[in-house]
Novice: 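Sending over a structure as structure tokens; questions will come in a sec.
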Amino acid sequence: MLKEDTLRRGLKTRTLGGKIYTFEVIDSTNNCARALASCWAPEGTVVIAEQQTAGKGRLGRTWQANPNENLTLSVILRPGNAPGSVNLLPLLVSVAVSEAVQSLTGITPECKWPNDLLIGGKKVAGILLEGSLKKEELEFVVVGIGINVNQTAFSPEIQNLATSLKLATGTDVNREELFKLILERLEAHYVSLKPGGFEPVLSLWQSRSTMAGKRVSVKSNGSVLTGTVKGLSPEGGLVLRSNGTEHTLLAGDVTVLGIDPDSPSHAPRH
Ligand code: BT5
């Protein structure tokens, strides 16, 4: 069982993890963190649970995770009116989690727009941000992170799409160490937002993604658009070229169809 003292021991952050609430069972760490944030829990408060009975994905979907094998946590941030942070923060969180996994295991999970981390094309982590607006200002954002750490068997619905750090490395991965690295990388990128803006995070995200030049179809608001990925827009949207026109999508579910042979990033080098 994850315990507050072992999660905190050696944690090198100033704000994130200032308060850590651990639960054996909870409905959803995001729900709990939202309730705490509405009651003025400070920025950096973390809620972490061994088991969620109603772990949430986006759009009413479910996050499944066996107890005692994974990390399911939520962090309260209060970015104020940092422009565009709703679309950009998931990319910042993806970079932070990918870096944390890399420094602990040597494996670099790939960033898939908008909120997934993949290893070998399979999902190893998902991110769910939920914000609350007050008078057009972001009152708080809850950053929910689910990572498949030491789970090696998945339910039939997800067994072909999911992987874990243990499956990828062949060994058990220390969840407390991973937790600390995630908070440390998240804080490092978050505090650099004010002076540096999102530009550095966008380029780090792109360097950890292989989506550029791929043919994809994106389901968004009930319609499907197929095209070639050009990259990210400054506000964190996915830029697609479809039938000669560029589109910027701010939300959606992406299916990668393959490499576009006509894309310059995949043209043969001479
Ligand atoms: C996500 O949604 O990927 C966001 C997941 C966020 C989970 C964390 S856990 C801590 C915090 N508290 C919460 O209640 N939630 C957050 P989405 O992109 O909608 O993906 C959901 C889909 O991923 C599901 O419909 C399944 O197909 C698949 N899925 C579910 N569990 C999975 C797992 N463990 N590994 C890989 N894929 C999974």
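Just so you know, ligand 1 is whichever comes first in the structure, and atom 1 is the first atom listed for that ligand.
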Novice: What protein heavy atom is closest to atom 10 (C) of ligand 1, reported as residue, atom name and distance in Å?
Specialist: Thr29 OG1, 3.2 Å
Novice: Could you please spell out the steps behind the side-chain hydrogen bond (donor to acceptor under 3.5 Å, both in side chains) verdict for Thr15 and Glu43?
Specialist: CA-CA 7 Å; Thr15 313; Glu43 176 161 80; 5.6 Å; no
Novice: For atom 26 (C) of ligand 1, which candidate among Ile158, Thr163, Asn70, Asn148 provides the closest heavy atom?
Specialist: Ile158
Novice: Under 3.5 Å between any N/O of Gln64 and any N/O of ligand 1: does that happen in this structure?
Specialist: yes
Novice: Which of the listed options, Arg58, Glu157, Gln52, Lys123, holds the heavy atom that is closest to atom 3 (O) of ligand 1?
Specialist: Lys123
Novice: Give me the one residue out of Arg58, Lys122, Lys123 that meets salt bridge (charged side-chain N to carboxylate O under 4.0 Å, His left out) with Asp116.
Specialist: Lys123
Novice: So Trp113 and Val216, do their side chains get closer than 4.5 Å, heavy atoms only?
Specialist: no
Novice: Of all the heavy atoms in Gly55, does at least one lie under 4.0 Å from an atom in ligand 1?
Specialist: yes
Novice: Are side-chain N/O atoms of Ser164 and Gln151 paired as donor and acceptor at under 3.5 Å?
Specialist: no
Novice: Looking at Lys134 and Glu137, does any basic side-chain N land under 4.0 Å from a carboxylate oxygen?
Specialist: no
Novice: Knowing that exactly one of Asn150, Thr171, Asn70, Thr105 qualifies, which makes a side-chain contact (heavy atoms from CB on, under 4.5 Å) with Lys166?
Specialist: Asn150
Novice: Would you indicate which of Ala162, Ser74, Ser164 comes nearest to atom 36 (C) of ligand 1 when only heavy atoms are counted?
Specialist: Ala162
Novice: Starting from atom 24 (C) of ligand 1, find the nearest protein heavy-atom neighbour and note its residue, name and distance.
Specialist: Thr62 O, 3.4 Å
Novice: Using a 4.5 Å cut-off on heavy atoms from C-beta on, say whether the side chain of Ile145 contacts that of Leu71.
Specialist: no
Novice: Would you mind checking which non-hydrogen protein atom is closest to atom 15 (N) of ligand 1, with the distance to 0.1 Å?
Specialist: Lys56 O, 2.8 Å
Novice: Please identify which atoms of ligand 1 are closer than 4.0 Å to at least one heavy atom of Leu73.
Specialist: 10 (C), 11 (C)
Novice: Is it true that Lys56 and Glu130 make a salt bridge, defined as a side-chain N closer than 4.0 Å to a carboxylate O?
Specialist: yes
Novice: For Asp5, does the CG atom sit with more than 12 other heavy atoms under 6.0 Å from it, leaving out its own atoms?
Specialist: yes
Novice: For ligand 1, which atoms, with element, lie under 4.0 Å from some heavy atom of Leu161?
Specialist: 27 (O)
Novice: Among Lys112, Gln151, Arg61, Glu130, which residue places a heavy atom closest to atom 19 (O) of ligand 1?
Specialist: Arg61
Novice: Determine, using heavy atoms of Leu59 and all atoms of ligand 1, whether some pair is separated by less than 4.0 Å.
Specialist: no
Novice: Among all the protein's non-hydrogen atoms, which is closest to atom 32 (C) of ligand 1, and how far away is it?
Specialist: Trp63 CZ3, 3.4 Å
